[in-house]
Amino acid sequence: MQTALADFISATPRGREADAILRSCVHCGFCLPACPTYQLLGDELDSPRGRIYLMKQLLEGAPVTASTQLHLDRCLTCRACESACPSGVQYGRLLDLGRALTEERVPRGRAVRLKRYLLRQLVPHRERVRALLAAAHAVRALLPQALRARLPATSAPLPALRAPKPAWPPPRHARRVVLLEGCVQPALAPDIDPSAAQVLDRIGIAAMVAGDAGCCGALNHHLSAHAEARGEARRNVDALWPHVEAGAEAVVVTASACAAMVCDYGRLLEDDPAYAARAARISALARDISQLLATESEAVSAALAQVQGTARTDPPLRVAFQAPCTLQHALRVRGVVEPLLTAAGFTLTPVTDGHRCCGSAGTYSILQPQLSGELLRAKVAALESGAPDVIATANIGCLAHIRSATPLPVRHWIELLAARCASG
Ligand code: SF4
Ligand code: SF4
């Protein structure tokens, strides 16, 4: 694609980066069928190619309008278009730049500004989320069904697995990793990280927690609050670094969206001399739990063989696995979780259109409820179509979103693996 970037940006680092991305797009349109918003709305401007064209105009100095902002807001940042693109266009990176510029130039209405502000003040703060959940639980019976469904249920163990509630094992191995707990996950689904720690313990790896770490920064980043996102990344680098210096061989994250964000810390802080080197090192060590276990498959098989050697009478549990966009499109992790679940004795049920977003997408379900709801209904229908006993996913946002629309239990897949390891 030919470009002629405007003077205000052409000589800047972000201008050069945007120019390179724009030039890599050949306008072939292969990305269109992969785009959920194009599939729903049928408007080229709600497709990757259309949005790239809008961002080209913006970067070439054309007036920015509320319509441009609307089409960029409607993007889920699912990056399914990147997986479909034969030219390797880094659409997600271009969108970050395009949204930041639009945010600077198009004022939002007061109600939308307030909503975005409140989300940024609440969600990245674990204690505030806990307090809100406690208050919501206290008045649970009075809440409308739609809100009630979003509240986490008391996390009773799955009966068919008969596994006890997971506890964090004491560190007893020389091999160590550090876990980033994040913000909402410990409040919404507190069993996920202890489950990961248990599985790691079974394969000879101790999992430590970076106590002073918090939100990975993804929420602020995707709402174009880049200074706040960089601040959160710096705080996490400070919290994780002592563990890295002490020999942690990986920075492990159990929410795929947060794992993708931590993988980006090196780029996010590359212009900060006080943090650039440490952030790059932490990005290099960052792993979604599935990525780490994929490299330890023999040890996982051995741990499973130990428990499977004991007498079992429970029938195989049927599992529908939802691969979050951040896992399959951002981290490019595909076909890793499914064999682990199969090896653990679960039966996987078919899920059509597995590449399609569930509509959670960070704050999208709150800021774009109609489109998000349509995607959610389609995703739940696809997940339920094989009559599973449980739905498994790899990201807390997807978990909470899907849980709001199905009577089936929805768990992180590592909880299923941990329960299997513990229930022999
Ligand atoms: S983003 Fe990729 S797939 Fe889409 S039009 Fe451009 S080159 Fe083609
Ligand atoms: S990120 Fe997702 S919603 Fe946005 S343009 Fe790409 S495929 Fe469409």
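Atoms within each ligand, like the ligands themselves, are counted from 1 in listed order. None of these values were measured; they are calculated from a predicted model.
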Which protein heavy atom lies closest to atom 5 (S) of ligand 1, and at what distance to 0.1 Å?
G29 N, 3.2 Å

With R51 as the cation and Y91 as the aromatic partner, state whether NZ or CZ is under 6.0 Å from the six-membered ring centre and within 45° of the axis.
no

Does NZ or CZ of R120 fall inside the cone over Y117's six-membered ring, less than 6.0 Å from its centre and within 45° of the axis?
no

Which ligand 2 atoms are under 4.0 Å away from a heavy-atom of T77?
1 (S)

For ligand 2, note which part of L95 has a heavy atom under 4.0 Å away: side chain, backbone, both or neither.
neither

Short side-chain to backbone donor-acceptor contact, T347 and R318, under 3.5 Å:
no

Checking contacts here: is it the side chain or the backbone of Y91 that comes within 4.0 Å of ligand 2, counting heavy atoms only? Could be both or neither.
side chain

Under 4.0 Å from any heavy atom of C85, which atoms of ligand 1 are there?
1 (S), 2 (Fe), 3 (S), 7 (S)

Atom indices of ligand 1 within 4.0 angstrom of H27 heavy atoms, with elements
5 (S), 6 (Fe)

Within less than 4.0 angstrom of ligand 1, does P86 place any heavy atom?
yes

Pair D19, T3: side-chain N/O donor-acceptor within cut-off below 3.5 Å
yes

Sidechain-backbone polar pair: R176 side chain, M208 backbone, donor-acceptor under 3.5 Å
no

S87, portion touching ligand 1 at heavy-atom distance under 4.0 Å
side chain

Ion pair present between R93 and D264, side-chain N to carboxylate O less than 4.0 angstrom?
no

Atom 2 (Fe) of ligand 2: closest protein heavy atom, distance to 0.1 Å, is C78 SG, 2.3 Å

How close does the nearest protein non-hydrogen atom get to atom 4 (Fe) of ligand 2, and which residue and atom is it?
C75 SG, 2.3 Å

Which of the atoms of ligand 2 are close to C35, meaning less than 4.0 Å from one of its heavy atoms?
3 (S), 5 (S), 7 (S), 8 (Fe)

Which atoms of ligand 2 have any heavy atom of R51 under 4.0 Å away?
3 (S), 4 (Fe), 5 (S), 8 (Fe)

protein heavy-atom neighbour closest to atom 3 (S) of ligand 2 works out as L76 N, 3.4 Å

Does ligand 1 have any atom sitting under 4.0 Å from a heavy atom of I52?
yes

Looking at ligand 1, does C81 have a heavy atom less than 4.0 Å from it?
no

Would you say the side chain of L376 lies within less than 4.5 Å of the side chain of S404, judging by non-hydrogen atoms?
yes

Would you mind reporting whether I289 and V199 have side-chain heavy atoms less than 4.5 Å apart?
no

Starting from atom 7 (S) of ligand 1, find the nearest protein heavy-atom neighbour and note its residue, name and distance.
V26 N, 3.4 Å

Go through the side-chain N and O atoms of R287 and T295 and say whether any donor and acceptor fall under 3.5 Å apart.
no

Do T68 and R105 meet the criterion of a side-chain donor-acceptor pair at a distance under 3.5 Å?
no

Just by distance, do the side chain of S47 and the backbone of G50 share a donor-acceptor pair under 3.5 Å?
yes

Under 4.0 Å from any heavy atom of C28, which atoms of ligand 1 are there?
3 (S), 5 (S), 7 (S), 8 (Fe)

Would you mind running through ligand 2 and noting each atom that sits below 4.0 Å from a heavy atom of R79?
1 (S), 2 (Fe)

Tell me, with the steps shown, if R235 and D212 meet salt bridge (Lys or Arg N to Asp or Glu O under 4.0 Å).
CA-CA 8 Å; R235 180 207 49 214; D212 294 333; over 6 Å; no

Check whether any N, O or S atom of C31 sits under 2.8 Å from atom 6 (Fe) of ligand 1.
no

How many angstroms lie between atom OG of S283 and atom CZ of R267, to the nearest 0.5 angstrom?
9.5 Å

Enumerated ligand 2 atoms positioned under 4.0 Å from heavy atoms of P48:
5 (S)

Starting from atom 6 (Fe) of ligand 1, what is the nearest protein heavy atom, named by residue and atom, and what distance separates them?
C25 SG, 2.4 Å

